[in-house]
Structure formats: structure tokens, C-alpha cells
Amino acid sequence: MNTKKIYSIGGLFDTPDGITKAAEDAVKEGYTKFDVNTPYPVHGMERAMNLKPSLLGFITLFVGLSGAAFAFLFMYWVSVMDYPLIIGGKPFFSWPAFVPVTFEVTVLSAAVGTVAVMIALVFKFPNNSHPLHDTNYMKNVSSDKFGLNVVYIDPLFDESKVKDFLSRAGANNIEVIYEPERKPLRVFDPKFIGLLVMLVLLTAGVTYFTLNKLLYMPPFTWMAVQDKLSSQSQNTMFADGYGMRNPVEGTVARGFTPYEFKGQPDSVVKNLSNPLPFTKENIDKGKLRFDTYCSPCHGYYGKGDSRLNGQFPNPPTLHSDKVKNWSDGNIYHVIVNGQNVMPSYAKQISKDDRWAIIHYIRVLQRSLNAKDSDLETKKQ
Amino acid sequence: MEYQKKELPEKVRTTGLLLAGAGLLLIIISYIVDPRREAFNNVIGLMFFASIAIGALVLVALEYLSGAVWSTPFRRVSEFIASSLPLLLVLAVPLFMMMGLVFHWAHEDVVSADKVLANKTAYLNIPFFIGRTIGIVLVLYLFYYLFTRNSRKQDETRDQRLTKTNVKLSAGFMPVAGIGLTFLAVDWMMSLEPHWFSTIFGIYYISATLLAGLAATTYASVSLNEAGYLHPGINKDHYYSLGALMFAITNFWAYIAFSQFLLIWYANIPEESIWFVMRWEGNWKYISVLLVLVRFIIPYAGLLSQPAKSDPKRLKWVSLFILGAHFLDLYWLIMPTYSKSIVFSFYEIGFPVFVIGLIIIVFYMQAKKHNLAPVGDPKLQRGLDFHL
């Protein structure tokens, strides 16, 4: 009945000394492709089996160093290049803070990598089991016996000779281990793939349930009940009912210069001239700010034809002669102080940005009133 | 093969005497020329000595407690090194008499004008300080005495129960040693900057202590074994274990040292970070960087590979290197209080030379009286049979 291929022949021994002796004998007989399986590490076995130091250590080193490099560079990228945030007043590249994570990732990747590579090597990827699995031999060596098995790839392998050797060496239970029938590429077995799919679905489902449902059920919601003021909701703590407080009168934000002409008639500020150079850079910045802050009312081209038209007192066009003839200082004054229903934008828009917007308004005005001479200059 | 007791060659004693003599001479000269500076060096010397002697004793206890067998064949080496323990008090006496030279808090007028220090007087006062040091050294010596008495008795009686007693003793010893070393570190080094505090400082010194004791044991064991003074049969696997342990404790030191730095750097509270700022200003910066290289990176690289850990030549130079690095570490811990910039000349040499000389002499004398192998220890044979 046995048409199956022999994988190895194993013998069981009762004591660690017995197995060490057997390994030495096997080396003496000239066997090279044999393995020893013991329920716990037996000291001195490498020497008895005449093994070279394993190369796995170098793989560990390589994987560990890759993990370290990955972790460090990733943190560098995140906190210096992609999304620099000031944390605790430290520089963006605060390497001491990277060290613990780098260390952990090194250890983790080295450990996981070593085990994965070892399993892949021992099981001979893509197989996911070993011929010794599910044998009597394995059952014994994983409880209280010590086993030695000579594998068929040994140049001296011969069924009867190996059996003879094992019994001479003192093995008391000799077992022939057959190569299990392998379907090609077990990894692609539909059952295995089905299992993977199930696992994916299960993980995704549990994650979805946890994040979207479970955390919104008591007692997990208790976390949200906290004795603090939320900025956006009403409360009775302060007389005005707001949670968010206004800055103290006269507070000046960093990098923000207060407007020195506040509340004064525009005649005073008319004479201010635009301190920003008229460059492409400033105009681009002006466009960005204009589109953000002004366009909702005045329209993208300043024609007063915005999407708010009709829902709000119609904002005037910025191409009127009035505005065209205004000095830059005058427009500046409107941005800072507002004018009638147009509110002040002093809080939102910084000084430089205001002047940049004015540059852009001038560009808009010019573009809608191009002169023939412009074409002439273009031709040249 | 049997162990044959041999006396160490005369040369060893001469070397010890020469070193100790030269060191003592330098110390006396330095104390006359610049007592304050030499007093700081005295602290370094004391801490250096303490870590070698106590570290060796901890190794002895560690072997009993963990049931290790591989180190039994050369446990006596650690015991002999640890026997120099009481001499610590000799080194501490000059400082006991001149506390004010190094310790800011030992001046009554300073303390009364400083609220923080005034609140610490319950702990930081001269009589209690001296009492603590003497008490710790005596208690540790008591343990040393009991360990070695039992072990020597065993040489004659081969009574296995004595090993059991020592195991129990070492269980009691470990916390005592941990607390004692912490107090020594806090008293002699942390209190140099009495406003500063770091809760990890004790374990920092403990890790350095283990390393110093182990390096001294390793150097002595490998040299003695090569010259044939130990029990025959000590092989590469024993060496490997020594090397692996040194490698592990080097990492442990780095882990602790970095932890101390990281927490203080992260919180960046002035009263804590000042200590690192002092070591990062002026040319102390170079020593700080050098320390990382010398105390961690070089020994780490030197012991990383498997063959390196069992190569006797490598072990000898790495262990000497580690002792040197340990000295540098103590210098870096202690000297910035004395001077805002690096100072190094003959003042700094006297104490280490003296301490090494002392340990060699003590070792020689011990080896004359006692076996260099614990011949009655039931674990000895298993230790000799040890294989990886």
C-alpha cells in the first residue's frame, strides 16, 4: 500500500544523554542531513550534531536594521517634512523622541521577521506544514522523548541501513515518516483562501462594530461626560452663557500688528501706500486670500455678482470709478474697518495679506479695462 | 582533571604594590597642591572602587540566586575582588573629614540661606551621611563574610546544605544591595548638586556597578585561566557567557542612561535639565558625546558577534575598556560640579591607579590563603560540564 515517498526515518531516545550520544554517532557514521527534536533545548547539541552557526542571525540583523531605518525615517518624514508641528517647544527634528519608537520597531520587526523567515525556511514556502507534523514521532518528542531522524536527502540514506544504525544507537521506537501528499501550492488552496477571506471579513466587521457602535453605547460613552466646558455649547458657568472666552481687551496676537487708524475717518488713511512690492508672488497670495475672504460677496472677479447675490444687500462692484480712483489706503481702511453692512476683516486677515489683496484687486481692475496699448506691449 | 592550588606569582604582588604606592604618592601630592580638586577626585576614586567591589559581590549573590552553574568555576574570582569592600571606608575617611570641600550642603551658612536645602537637612546632614555610608559598607561586608565563610567551609566539608543557606542569604542580600547602592549614588554623586534630583539615578549607578564588577571579574578570570590558575576545564562556552552578560549589561546601562536623558529632556523643567545643560556647555559637550561612544557603541560593537564573545583576547581588552569607560562615566558625573570646563592632569590619575593597585594586592593575598576554585561546591562539576 505504501507508494508514498519516504521523508525520513526517526528513532526515539529516552534521555538527553542518549540523544546527544546518538547525534555524535550519526556524525561519526557520516550522516549529514539529519535532525534532532527534543522537548526542550539540550545544551551542547549543536556541537554533537556538528552544526555550523545558523545564518538566521544575519537575517535578524538585516530585518532589525531595516525596521530601525524605516521607523526613524518615517518619523522624520512625518514630523519634519510632511506635517511639522511644534510639540513642547522642541525643534521639529527632535531625535531623542524618535529613539523609543525606533527601538521598539527594531525589536518587533527583528522578532517577527526572524520567526517568519524561519517558518518559511523550515516549511519550505509555500508549504504550510512540515512532514514531521501529525506523526507519532512528533507526538513523542513534544512530550517526553528525544528524537533523531535521518532525512532522505542524505547521500548515505538507505532505509535498512538507517534503521540498523538507529537500533544500534539505542533507539527504542523506529518510525518511517512519509512525505505527506501535497497539493501543489497549498497557499492557494480554496479552503485556505476562504479562511483568509473569513478572517478579513471578521476583522473588518468587528472593527466596524467597535468603532461605530460599541463606543457609542454605555458604559463606553461615559468617557464623553466630562466636567468641563465645551467651546461650542451653551453653559451656565459664565454670565454670557458662552463656553469660549474672548481674549482680554487689548490682547494682541503674535505676528499681528494692530491697526493704528481704527475708527478714524478714511481721509486719514488715504495716504497710506502699499508697502508690499508688486510681484507675482504677492499677487498670487492676494488672489488666494481674495478668493477666500472677499469672493463670497464681491464675486471672483470683484464684479459684485457672487453666489450671495440677492440674499444679502448686494455688494457693489469693485470696478466702479470710485474704487478705481481710490488710493490703496482707502481700500485698506475698508478691509480693516468694514463699511456699513460689510464687516471688518481685521481679525481674519493679517496686515501683509490685506495689502496683497489690494494688489490683486488692482490686477482685476486692470484686466477688465485692458487698453489697446497693452496689446502693443504684448506684441513687442 | 583535579584543581591544583597554586600561588600567584610574586610579579602580581609587585605590580599591585607599585601601582598602589605610585597612586598614593600622587594622591598625597595632589591633596597638598589642590585639596578641593583632589577631594572631587577622591569621590570619583571612591565610587570607582565601590562599584568594582560591590559589583563583584552582587555577581556572587546573583549566581546563587539564579541557580547559575556556568559561573561557579570562577566565582572565587568575584569573591576575592569583593573582599576589598572594607577598604572603601579608608577611601572615604579623607572626605568625611573635609565634607565642605565637595558638598555644597555641608556649609551651615549656605543651608540656612537656602530654603530648598534647609528643607532637606533631615536627610542631608553630616552625621547621618557618614552613618549611612559606614552602615551600608558594613552590612554589605557582613553578607560578603557570610557568603565566603559558607563557601570556604564547603571546600572542606562538601556540605551541600551550605549552598542552600547561601541561596537564602542572597535573596536577602539583593534588596539590601539595591537600596545600599542607591543610597551611595544619591549621597556621593547626586548630592553634589543638592538642588537637582533624578529618581532613576540609583539604578544608573547600579547598572554601572554591575558592569564594573563583571568587567573586573572577566579580565581576572580570563587571564588567570589562560595562565592555568583556575580549575582546568573552563572553555569557550564559559567565556561566551561572560561576554554575553557584559554585552547585556552594556545595553542595560545604555537603556537606563538614555531613559534618564529622555525624560529630563522631554519635560525640560529648568531644575532638572540644568544637570544636563552643565554637561552640554563648554567642552564638557565633548565628554558627553565621547561617553556615548566609549561606554556604549564601542563595547557594543566589540561584543556583538558570537565569536567575539568567546574570544579571550577580545574579552580582555573589552573588559579593560569597559573599566576605563566606567571611570570616564564617573568623571563625567562628578567633575562638572568642580569645574565649568574639562580638567585633566596628574590629579585625576592618582585615585584610579591607587584603587587598581589595592584590588590587585587584596586579590593576591586572598589567592594565597584560599582556593581559586570552590572545590566543595556541588555546582562546580556541573559548571565545568557547562555547554551552550
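Predicted model, so just to flag it, every value in this text is computed and none were measured.
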| field | Under 3.5 Å donor-acceptor, B/Arg314 side chain and B/Gly302 backbone | value | yes
| remark: Okay, A/Pro41 and chain B: the region with an atom under 4.5 Å from a heavy atom over there is neither
| request: Determine, step by step, whether B/Tyr204 and B/Trp253 satisfy the ring-ring contact (aromatic ring centres under 6.0 Å, His included) criterion, reporting the C-alpha distance in whole Å, the side-chain angles of both residues, the deciding distance to 0.1 Å, and the verdict. | output: CA-CA 7 Å; B/Tyr204 182 92; B/Trp253 176 86; 5.8 Å; yes
| Quick one: of A/Gly44, A/Gly57, A/Pro96, who has the most non-hydrogen atom pairs under 4.5 Å with chain B? | A/Pro96
| query | Using non-hydrogen atoms only, which part of B/Asp237 is less than 4.5 Å away from chain A: side chain, backbone, both, or neither? | reply | side chain
| Most heavy-atom pairs under 4.5 angstrom with chain B, which of A/Arg47, A/Glu46, A/Lys90? | A/Lys90
| Rounded distance [0.5 Å steps], CG in A/Leu132 versus CD in A/Glu175 | 9.0 Å
| message | Under 4.5 Å from any heavy atom of chain A, what part of B/Phe258 do you find: side chain, backbone, both or neither? | response | side chain
| message | Pairing donors with acceptors under 3.5 angstrom, does anything connect the side chains of B/Tyr300 and B/Asn251? | response | no
| note | In terms of heavy-atom contacts, A/Lys145 and A/Pro39 come closest through O-CD, 3.2 Å
